[in-house]
Amino acid sequence: MSAQLNALQIKAEGLGICLKANVLSVPKYQRAFAWSNDNVLEFLTDINTAFTEGHPEYFLGSVVLQGGDQVYEVVDGQQRLTTASIFIAAVMDFLKTKGQDQIASALQNEFLVAMDTWQQQAAPKLTLSAHDNAFFRSEVLKIESNKIFPSRESHERIRDAYAVCVKFVEQFAGQTTNWLQRLQGLVQYVQNKVKIIQVVVPTEANAYVVFETLNDRGKDLSASDLLKNHLFGKAGSRIDEVQAKWNHMLGTLELYGGDDLVIAYIRQLWSATREVAREKELFGRIKERILTPQDAVGFADELQKYARQYAAMFNADDLLWKEFGPEAQSIVRSLNALKLERYRPALLAILCNFGGVELTSAMRHILSGSVRYLIAVGAGGGVLEASYSDAARKIFKKEVTTATQLAKELQKIIPNDETFRASFQSARLSKSYIARYFLLALERAARGDADCELVPNQLASEVNLEHVLPENPDAEWALDPEIAAANYRRLGNMVLLSAEKNSQIGNLKFELKRPVLKDSAFLLTKEVGESEKW
C-alpha cells in the first residue's frame with residue numbers, strides 16, 4: 001500500500017472546483033444514480049445549514065478519481081458529484097425564470113457544459129454511466145435535441161432529484177428580497193467551502209484498493225459497492241472481464257431491486273456455493289477467499305451466470321418459467337405469496353442443476369418445508385437458512401441429484417406431519433397474506449382441486465380477509481376480552497370474502513354477519529355462515 005500511496009495525489013478541494021476544473025465520467029460498470037429524495041434533501045439541507053450558520057468549511061468526505069491531466073473516471077463519489085451538478089442546473093434554470101440569462105449561461109459554462117472549440121459541440125463536465133447519461137443530458141443539462149423519457153428507476157430518481165433541487169432553490173431564494181446575492185453566496189460556498197478530499201490514483205486497479213481503504217471497510221458506502229471494488233481491485237489485468245460480468249449481473253437484477261437485492265443475491269449465492277455468511281460477515285469472507293485475478297474472474301463469472309435464475313424467483317411471469325413449466329411457475333407464485341426468503345439458496349441450486357420432474361418435485365419440497373416451518377416454528381432465521389444452504393451446496397457439488405435426496409436432507413430441520421398438524425390447530429397468524437394463502441389452499445382442497453397448495457394469483461383488492469370476530473369487538477359480542485384476544489388471530493376466525501361484502505359487514509356481531517357469510521361463493525365461508533354461534 002505504501003508504494004501506491006506514493007503515487008497518489010491527495011488534496012482538499014472545493015466540491016464545485018472539482019466539477020469546474022475537471023472532466024469527469026462515471027464508468028459504464030458503475031451502478032446507476034441511487035440517491036432518494038431524502039438523500040438529496042439531506043445533502044442540500046446540511047450544506048445550507050453550514051452556509052447559513054457561517055461555518056468556514058463543510059467537509060463532505062473523499063472522492064476517488066482515476067486518470068490524469070484533469071480527465072478522470074469517478075471511482076467513488078458519483079452520487080455527490082451528480083447531485084451537486086443537478087443543484088447547479090436547478091440554480092441555472094431558476095435564474096432564467098428571473099431574467100438572469102447571462103448569469104445562468106456563465107454557470108452552465110463553468111460547472112456543467114463547456115463548448116468543444118474544434119468540434120463546436122457541447123461537452124459535459126460530468127458524464128454519467130451508460131444507464132443514465134442520455135437521460136441526464138436531456139433532463140438536467142438540457143443539451144439533447146430530443147426529449148428522453150424515463151425508462152429506468154434511476155431515471156426517475158434523477159428527475160425527482162432535480163425537482164427537489166428546484167423546490168429547494170425557490171424556497172431558499174424566496175426567504176429574502178436580496179435573493180440574487182444570497183443565491184450567489186450559496187453557489188460560491190458549494191464551489192469553495194464545501195470540501196472534499198480529492199484522491200487521484202494513476203492506475204485503475206490501485207483505485208479500488210484505495211477506495212476500499214478510505215471507506216474504512218465499507219461503513220460509509222453500500223455493501224454491494226464495497227464487494228464490487230474488492231473484486232475490481234483483485235482483478236489486475238483482467239479487470240475488463242470482471243467489470244463486464246458485474247455489469248451484466250446488475251442489468252439482470254435491476255428490475256427487481258437495488259443494492260439490497262444485489263447484496264442479498266451475492267450473500268445467498270456465496271452461502272449456496274461456499275459457506276453460510278450473514279451480511280455483516282460477507283465482505284470479510286470474500287476478502288479472505290478472493291485473492292487473485294483468477295479468483296475475481298471466477299466469482300464474477302458465477303455472479304453473471306446465476307443471476308438469471310435468481311431474478312426469476314421474484315417474478316412468476318418471468319420467461320424462465322415457460323421453460324420449467326406451469327407447475328414450477330405456480331410453486332414460485334405460492335412462495336412469493338408467503339414472502340419468505342430463507343429457502344432461496346436451495347431454490348437457486350435447484351434451478352441451476354435440476355430439470356423436468358425432478359425440478360418441480362424438488363420445488364414442492366421447498367414449498368412444503370417452508371410452510372411447515374412457518375407454522376411450527378416461525379418465519380425462520382439463521383438455522384433454517386443454514387439448512388437450506390447446506391442442501392444447496394450438496395446440489396452444486398452433485399452430492400444431491402434428486403428430489404428424494406433433497407427431501408431427506410430437509411428432514412433434518414422441517415417439522416414432520418404430527419408436529420405440523422399439532423401446530424396448525426393452534427396457530428395464530430398475524431400477517432394477513434399468510435392467512436389468505438392458507439384459506440385459499442383450504443378452499444381449493446374443499447372443492448377437490450388437485451395441487452391445492454399451489455394457490456392461483458388472487459388480488460387482495462378482489463378477495464379480502466375477514467376476521468369474523470373483530471379485533472376490538474363491542475359489547476354486543478358479550479365476550480371476555482382475554483378470550484377475544486386469544487382467538488382474534490386464529491385461522492378458524494378468518495374467512496375469505498369479496499371486497500364488497502367485507503365492507504358491508506364491518507364489525508357487526510356474528511348473528512348479523514351470518515347471512516352475508518352464508519351467501520358467499522367460498523365453501524368454507526359459507527360453512528361458517530351456516531353455524532348458529534361464533
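Just so it is clear, the values below take in all heavy atoms, side chains as well, and ignore hydrogens, waters and symmetry mates.
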To the nearest 0.5 Å, tell me how far [X] [atom1] sits from [Y] [atom2].
X: Ser85; Y: Lys125; atom1: OG; atom2: NZ; answer: 10.0 Å
X: Gln329; Y: Asp318; atom1: CD; atom2: CG; answer: 9.5 Å
X: Leu384; Y: Leu410; atom1: CG; atom2: CG; answer: 9.0 Å
X: Leu303; Y: Lys228; atom1: CG; atom2: NZ; answer: 13.0 Å

Taking the basic N atoms (NZ, or NE/NH1/NH2) and the acidic carboxylate oxygens, is any pair closer than 4.0 Å for [X] and [Y]?
X: Arg238; Y: Glu241; value: yes
X: Glu153; Y: Arg157; value: yes
X: Arg137; Y: Glu144; value: yes
X: Glu13; Y: Lys195; value: no
X: Lys96; Y: Asp101; value: no
X: Arg278; Y: Glu281; value: yes
X: Arg267; Y: Glu279; value: no
X: Lys245; Y: Glu302; value: no
X: Glu170; Y: Lys98; value: no

Is the backbone of [Y] close enough, under 3.5 Å, to the side chain of [X] for a donor and an acceptor to pair up by distance?
X: Asp301; Y: Val297; value: no
X: His155; Y: Ser151; value: yes
X: Thr83; Y: Arg80; value: no
X: Asn39; Y: Ser36; value: yes
X: Asn336; Y: Met313; value: yes
X: Arg152; Y: Asp132; value: no

Within the 3.5 Å criterion, strictly below it, is a donor on [X] or [Y] matched to an acceptor on the partner's side chain?
X: Ser387; Y: Asp390; result: no
X: Ser370; Y: Tyr388; result: yes
X: Thr127; Y: Asn133; result: no
X: Thr45; Y: Asn48; result: no
X: Glu385; Y: Tyr343; result: no

Taking the side chain as C-beta and beyond, is there a heavy-atom pair between [X] and [Y] under 4.5 Å?
X: Gln9; Y: Val201; result: no
X: Pro124; Y: Leu112; result: no
X: Leu338; Y: Leu367; result: yes
X: Thr82; Y: Val140; result: no
X: Phe111; Y: Leu126; result: no
X: Leu81; Y: Leu15; result: yes

Tell me if the [atom1] atom of [X] is crowded by more than 12 foreign heavy atoms within 6.0 Å.
X: Gln294; atom1: CD; result: no
X: Arg289; atom1: CZ; result: yes
X: Lys193; atom1: NZ; result: no

Does the ring center of Tyr162 lie less than 6.0 Å from the ring center of Phe136? no
Please list every donor-acceptor pair under 3.5 Å in which a side-chain atom of residues 176-186 meets a protein atom from a residue at least two apart or in another chain.
residue: Thr176; atom: OG1; partner: Asn178; partner atom: N; Å: 3.1
residue: Asn178; atom: ND2; partner: Gln181; partner atom: OE1; Å: 2.6
residue: Arg182; atom: NH2; partner: Gln175; partner atom: OE1; Å: 3.0

Report the relative orientation of the aromatic rings in Trp270 and Phe299; use parallel for angles under 30°, tilted for 30 to 60°, perpendicular for over 60°. perpendicular
Name the orientation class of the two ring planes belonging to Phe33 and Trp35 (parallel below 30°, tilted from 30 to 60°, perpendicular beyond 60°). tilted
Could Lys339 and Tyr433 be counted as a cation-pi pair, given that NZ or CZ must be under 6.0 Å from the ring centre and within 45° of the axis? yes
